[in-house]
Amino acid sequence: MSLQIARGREAKPPLRSVRSESDARPQLKEAKAETTKVVAVPPPAKKTALRFPVNPATRAFYKKFYPGTSTVEWNDWRWQMRTRIRTLDELARIFRLSEDEYAAVAKHKGSLPVGITPYYASLMDLKDPTEPLRRTHITTGGEYIRTPGEDNDPLGEDHDTVAPGIVHRYPDRVLFLTTGTCSTYCRYCTRARVVGNPGGEYNFSLKQWEQALAYLEGHTEVRDVLLSGGDPLTIGDDKLDWLLGRLRAIKHIEFLRIGTKIPMVLPQRITKNLVSILKKYHPLWMSIHVTHPNELTAETTESTARLADAGIPLGSQTVLMKGINDDVAVMRPLMQGLLRRRVRPYYLYQCDPISGSAHFRTTVEKGLEIIEGLRGHTTGYATPIFAVDAPGGGGKIQVAPDFIVGRDGDDLLLKNFEGGVYRYPDPGGKLGADKQQPARKAAAE
Ligand code: SF4
């Protein structure tokens, strides 16, 4: 799309409130489309294939807490957005809140409000405040405790912001913060300062997008744009189509990525219409934010399948959190479950030191322990990169277990996943020479 054409479209920008029939009523649309094709095909089997699934526990949840809601409404992503649980009263209607949760939610002000889609709430334990998904979405008193090293902008993104929403830290790629809206608000969010209508410079208006696009058009070194936020998939179809079209029209941008939690927390958003928009802009990759195996439901199987079937390479990113997923017994089924859904585990992040995050943060050793518990013990593809995003803008730094145990002359001594030491002939090499030598007999002959 030329700039001129794009500017022409700017005169009539797609509105956030635009509600396309296909988005509003995915099931109806799919059923309707089916009706038109019905002539030679027996309808029942095809209809079943097109229907968005509802897992039994979720169905029981919505029958209890949203009586009178039809499956069509439940599977309408805009209904899910509109009906998000956002108030103390609404939380208390559904969850048996602990005193700590009640007081912490009541005290909250500013950005990162509580926001949970009814679908995602259906995956949580309604009575147990220690349940992992619930802990990551209902405010607790820990958020108000400040510890050394924490910051509202721990990664120094504001410092590297070169145009509204554009963080340009690495040479050939940028982060494009497109919106401040998410379907659910994670209590450990690195961008807590940005999300949930914080106002000010974080309004993400169309005017701000234009300034961001102007920066990208003028910087030919940028070949890779990661759209994030907030969650870019909360943007309506028309607007998203427009934005992706504008980005694709910039010749030097080779590669688009979307960072999103939507396929896990609002899988109904992955409509046929959305997928048909996304697949126009290949190469387009997606990083899906996942937390726990409890997110791997029939619904998320469907959302990831729709994306993978559209040829969108899917990777995952997971934040390591104390008592949530800092255990090989949790992480292994999560990574294996992602692979089964054609999502390649990509990053495991040490939790960023945002203000009030001490109750979520665990040690870096714990992350290494998890990587050691995956590497060699399961499919290599199921082992993500473990990284610390360096506070102050240092960028992602990979931290990996050290499998080099030493050197014996021309032999490099390596430890395998079971702890056995093996020799690799490496004449001329120096690697491992600075390590304490293990007893000769420890190394396999
Ligand atoms: S979905 Fe992403 S941007 Fe939104 S609150 Fe969660 S971590 Fe933050």
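Just so it is clear, the values below take in all heavy atoms, side chains as well, and ignore hydrogens, waters and symmetry mates. Both counts, for ligands and for their atoms, begin at 1 and track the order of listing.
Donor-acceptor pairing under 3.5 Å is recorded for the side chains of Tyr119 and Thr297. Ser355 and Arg193 form no side-chain donor-acceptor contact under 3.5 Å, judged by distance and modelled atom types alone.
Counting only distances under 2.8 Å, and ignoring water, the protein N, O or S atoms around atom 4 (Fe) of ligand 1 are Cys182 SG.
Among residues at least two apart or in separate chains, side chain to side chain donor-acceptor pair (under 3.5 Å) pairs with a member in residues 358-374 are Thr147-Arg361, Glu150-Arg361, Ser357-Arg361, Lys366-Glu369.
By the 30° and 60° cut-offs, the orientation of the rings of Phe65 relative to Phe61 is tilted.
Under the 6.0 Å cut-off for aromatic ring centres, Phe204 and Trp209 do not qualify, their centroids lying 6.0 Å or more apart. Here Tyr66 and Trp79 bring their ring centres to under 6.0 angstrom of each other.
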